[in-house]
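Just passing along the structure, written as structure tokens.
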Amino acid sequence: MTDKYTPRPEHRFSFGLWTVGNRGRDPFGAEVRPTLSPVEIVRLLAEVGAWGVNFHDNDLVPIDATPQERDRIVREFRQACEDHGIVVPMATVNLFFDPVFRDGAFTSNDARVRAYALQKTMRAMDLGAELGAKIFVLWGGREGTETDGCRRPDEAIKRLRDAVNFLCEYSLDQGYDYKFALEAKPNEPRADIYFPTTGAYLAFIETLDHPEMVGVNPEVAHETMAGLNFMHAVAQAWEAGKLFHIDLNDQLPGRYDQDFRFGSANPKAAFWLVKFLEDVGYAGPRHFDAHAYRTEDYEGVKDFARGCMRTYLILKEKAERWNADPEIQALLAEIKETDGEAFGKFSKETASALLARQFDRAALASKGLKYERLDQLTMEILLGVR
Ligand code: GLT
Ligand code: MN
Ligand code: MN
């Protein structure tokens with residue numbers, strides 16, 4: 001069935017190999033779905049209408065593969081992407097699965113582990129570049145602690161800075177033209193992960209040798225786990241020119257990392273997010289870093305993937321409807337009326353004028369703002385009666 005919610009390449013919907021390829025393993029149970037090869041995953045993504053595929057180095061090439069095996073896998077994968085019209089917008093590196101990273105990768109106390117993590121990342125950058133990736137995500141899943149006796153956190157920050165600076169130079173030296181996107185998460189798999197929020201990374205980026213090469217990859221679930229408003233984090237990244245990538249999924253606060261289908265847990269928050277991305281004209285990939293329920297077979301995985309994209313497009317249409325709604329526009333115009341210039345740029349004159357000004361606080365606080373009406377109209381659009 002083709003309708004206006006059918007994904008098209010210009011929507012830039014992408015999935016990681018690890019997302020639709022997720023076999024449903026969790027800490028309490030084994031996998032419930034058979035392994036799909038990367039080539040089979042590309043086929044599945046093409047079938048559901050995705051535009052792009054992303055991967056960790058070891059989603060594509062097993063960690064112990066020989067150079068010959070690597071080359072064969074890359075050849076077959078590239079061919080599958082070409083055959084199915086799927087692109088590789090982003091690549092990343094797995095610095096969390098292997099036991100060597102049990103106490104961190106770039107922040108490990110063991111200099112050999114830090115060096116190995118850097119080598120592994122450089123090779124993952126080679127692999128991504130070979131397949132056309134221009135964005136390189138770094139998610140430091142193991143960069144954290146259970147006991148803070150193990151190292152001072154400021155030492156960990158310095159180590160991460162050294163690693164990212166090295167990787168930027170490597171990208172420049174190789175002519176890869178990568179943009180790095182740092183992905184925050186507050187906890188899981190570590191009890192605490194350094195740089196728990198997108199805001200923490202935004203501050204860190206400014207301390208790097210090449211801040212212009214580094215931005216963020218905010219994820220709905222991760223900011224929600226921290227009890228934060230995801231769209232606000234995205235907006236701060238956007239305003240700073242740092243929204244290099246985005247991980248869309250869904251999550252209920254106060255739970256384990258759920259990675260649900262986009263929009264399935266909090267459709268209203270998803271609506272504000274989609275509206276923001278579309279209003280500001282975010283042109284990067286819309287990456288779904290999510291996976292299907294453990295109850296599903298691969299038909300259910302396709303339902304999951306189609307659902308992510310369809311919900312995005314439905315919410316995009318709702319956002320257009322919101323923007324065009326006359327009553328909403330009238331309310332916004334009323335809000336805007338009192339939104340003039342507050343104090344201008346600082347000068348001795350503007351400062352003394354402001355100090356001399358009289359304010360009628362009671363009058364300012366007396367007018368109802370009609371946000372109840374505004375929100376109800378929003379709800380009615382979302383619930384399909386408007
Ligand atoms: C892992 C994690 C994600 C990250 C991926 C990139 S791997 O699935 O939960 O949030 O984006 O390393
Ligand atoms: Mn993610
Ligand atoms: Mn996640």
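Predicted, not measured: the structure shown is a model, and the values here were computed from it. Remember, it's 1-based here, ligands and their atoms both numbered in the order they're listed. Worth knowing before you read on, the calculation uses all heavy atoms, side chains too, and leaves out hydrogens, waters and symmetry mates.
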(message) Given W322, which partner from the list D279, T378, L377 fulfils the side-chain contact (heavy atoms from CB on, under 4.5 Å) test?
(response) T378

(request) Count the heavy atoms belonging to other residues, nucleotides or ligands that lie under 6.0 Å from CD of E372, then report whether that count exceeds 12. (result) no

(message) If you count every heavy atom of other residues, nucleotides or ligands that lies below 6.0 Å from E31 atom CD, does the total exceed 12?
(response) yes

Give every pair made of an N or O atom of ligand 1 and a protein N or O atom lying under 3.5 Å apart, one pair per line with both atom names and the distance to 0.1 Å, or write 'none'.
unit_1	atom_1	unit_2	atom_2	d
ligand 1	8 (O)	W18	NE1	3.3
ligand 1	10 (O)	E183	OE2	2.7
ligand 1	10 (O)	E219	OE1	2.7
ligand 1	10 (O)	H222	NE2	3.4
ligand 1	10 (O)	D289	OD2	2.9
ligand 1	11 (O)	E183	OE1	2.6
ligand 1	11 (O)	E183	OE2	2.8
ligand 1	11 (O)	D247	OD2	3.0
ligand 1	11 (O)	D289	OD2	2.8
ligand 1	12 (O)	H56	NE2	2.7

(request) Check the pair F13, F288 against ring-ring contact (aromatic ring centres under 6.0 Å, His included), reporting the backbone distance first and the verdict last. (result) CA-CA 7 Å; F13 290 137; F288 297 103; 5.4 Å; yes

(message) With salt bridge (Lys or Arg N to Asp or Glu O under 4.0 Å) as the test, pick out the partner of E130 among R70, R123, R75.
(response) R70

Validation: residues 197-204 side-chain donor-acceptor distances under 3.5 Å, sequence neighbours left out:
unit_1	atom_1	unit_2	atom_2	d
T197	OG1	A200	N	3.3
T198	OG1	E223	OE1	3.0

(message) Under 6.0 Å between ring centres: does that hold for F77 and F55?
(response) yes

(message) For distances below 2.8 Å, what is the count of protein N, O or S atoms around the Mn ion (ligand 3)?
(response) 3

(request) For the Mn ion (ligand 2), find the closest N/O/S atom belonging to E183 and write down its atom name. (result) OE2

(message) Between R310 and D3 (salt bridge meaning N to carboxylate O under 4.0 Å), is one present in this structure?
(response) yes

(request) Go through the side-chain N and O atoms of N249 and D289 and say whether any donor and acceptor fall under 3.5 Å apart. (result) no

Distance-only check: which donor-acceptor pairs under 3.5 Å involve side-chain atoms of residues 352-360, not counting sequence neighbours?
unit_1	atom_1	unit_2	atom_2	d
S352	OG	K348	O	2.9
S352	OG	E349	O	3.3
D360	OD1	A362	N	3.4
D360	OD1	A363	N	3.1

